[in-house]
**Q** 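Take a look at the following structure, please.
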Amino acid sequence: MSHGHDNPLDHPEVKLANTRGYLIGYVFALAMMILSLGLVKGHALTPNALTVVLSLIAFVVILVQLYFLFHLDLSETQIWHTVALVLTIPLFIMAVGLTIWMFYTLHMRTMIPGLG
């Protein structure tokens with residue numbers, strides 16, 4: 001990881017940026033968004049199946065954008081960014097899940113029957 005401090009273009013993170021990767025990520029995300037819109041507007045699936053398919057499409061788009069737009073991979077220059085993301089995701093899920101649980105429990109304990 002030796003790079004000069006004078007020229008910002010010498011940093012390995014900057015060297016990873018290229019137009020081809022950004023275009024692939026953008027076109028893929030746009031195609032998946034059009035596919036999702038077509039599935040929703042066309043009522044092609046049942047509501048439960050549509051939820052599953054849209055969730056899978058969103059997950060794939062997130063992975064593609066992490067790779068092509070954020071350049072997160074297992075290369076030597078990006079390994080610590082990827083490790084930080086992998087460690088952040090469970091903490092984020094726990095924070096959101098515990099917040100939902102907290103508000104659900106608060107709602108169940110404080111709502112007076114017949115008013116809600």
Side-chain angles (χ1 to χ4, degrees):
M1 297 261 265
S2 63
H3 52 82
H5 295 284
D6 297 333
N7 188 1
L9 297 178
D10 288 341
H11 288 264
E13 294 86 3
V14 175
K15 289 182 178 179
L16 288 174
N18 62 12
T19 305
R20 184 179 161 265
Y22 289 127
L23 280 177
I24 290 172
Y26 175 73
V27 169
F28 186 79
L30 188 63
M32 290 298 106
M33 188 167 42
I34 291 170
L35 174 67
S36 300
L37 181 65
L39 287 173
V40 171
K41 286 192 69 134
H43 302 287
L45 301 170
T46 63
N48 290 337
L50 186 63
T51 302
V52 171
V53 169
L54 291 179
S55 298
L56 289 174
I57 289 173
F59 181 71
V60 170
V61 169
I62 288 171
L63 291 179
V64 168
Q65 289 188 353
L66 286 176
Y67 183 76
F68 284 110
L69 299 180
F70 294 106
H71 307 289
L72 292 180
D73 56 18
L74 298 177
S75 66
E76 183 180 335
T77 57
Q78 296 295 316
I79 187 73
W80 291 111
H81 294 265
T82 305
V83 168
L85 179 70
V86 168
L87 294 176
T88 302
I89 288 173
L91 294 175
F92 179 76
I93 290 172
M94 282 178 46
V96 171
L98 290 174
T99 302
I100 291 171
W101 174 76
M102 178 186 73
F103 278 104
Y104 176 76
T105 304
L106 182 66
H107 174 77
M108 295 304 288
R109 290 183 180 197
T110 58
M111 289 302 296
I112 299 171
L115 293 180

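The first residue in the sequence is number 1, and the count goes up from there. In this text the structure is predicted, and so the values were computed from the model without any measurement.
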**Q** Check side chain to side chain contact (heavy atoms under 4.5 Å, CB included) between L106 and all other residues, then give those that pass, not counting sequence neighbours.
**A** F103, T110

**Q** Would a hydrophobic clustering, with Ile, Leu, Val, Met, Phe, Trp and Tyr connected at side-chain separations under 4.5 Å, put I57 with V60?
**A** yes

**Q** Show the atom names and distances, to 0.1 Å, of all donor-acceptor pairs under 3.5 Å that link a side chain in residues 83-102 to residues at least two apart or in another chain.
**A**
unit_1 : atom_1 : unit_2 : atom_2 : d
T88    : OG1    : A84    : O      : 2.6
T99    : OG1    : A95    : O      : 2.7

**Q** Which residue pairs pass the ring pair (Phe, Tyr, Trp, His ring centres under 6.0 Å) test when at least one of the two sits in residues 40-68, sequence neighbours left out?
**A** none

**Q** Between CG of L35 and CG of L54, what distance do you get to the nearest 0.5 Å?
**A** 8.5 Å

**Q** Could you list the donor-acceptor pairs under 3.5 angstrom formed by side chains in residues 22-34, with sequence neighbours left out?
**A**
none

**Q** For a quick test of your reading: what N or O donor-acceptor pairs under 3.5 Å do the side chains of residues 44-51 make, sequence neighbours left out?
**A**
unit_1 : atom_1 : unit_2 : atom_2 : d
T46    : OG1    : A49    : N      : 3.3
T51    : OG1    : P47    : O      : 2.9

**Q** Which other residues end up in the same hydrophobic cluster as M108, if Ile, Leu, Val, Met, Phe, Trp and Tyr are linked when side-chain heavy atoms come under 4.5 Å apart?
**A** Y104

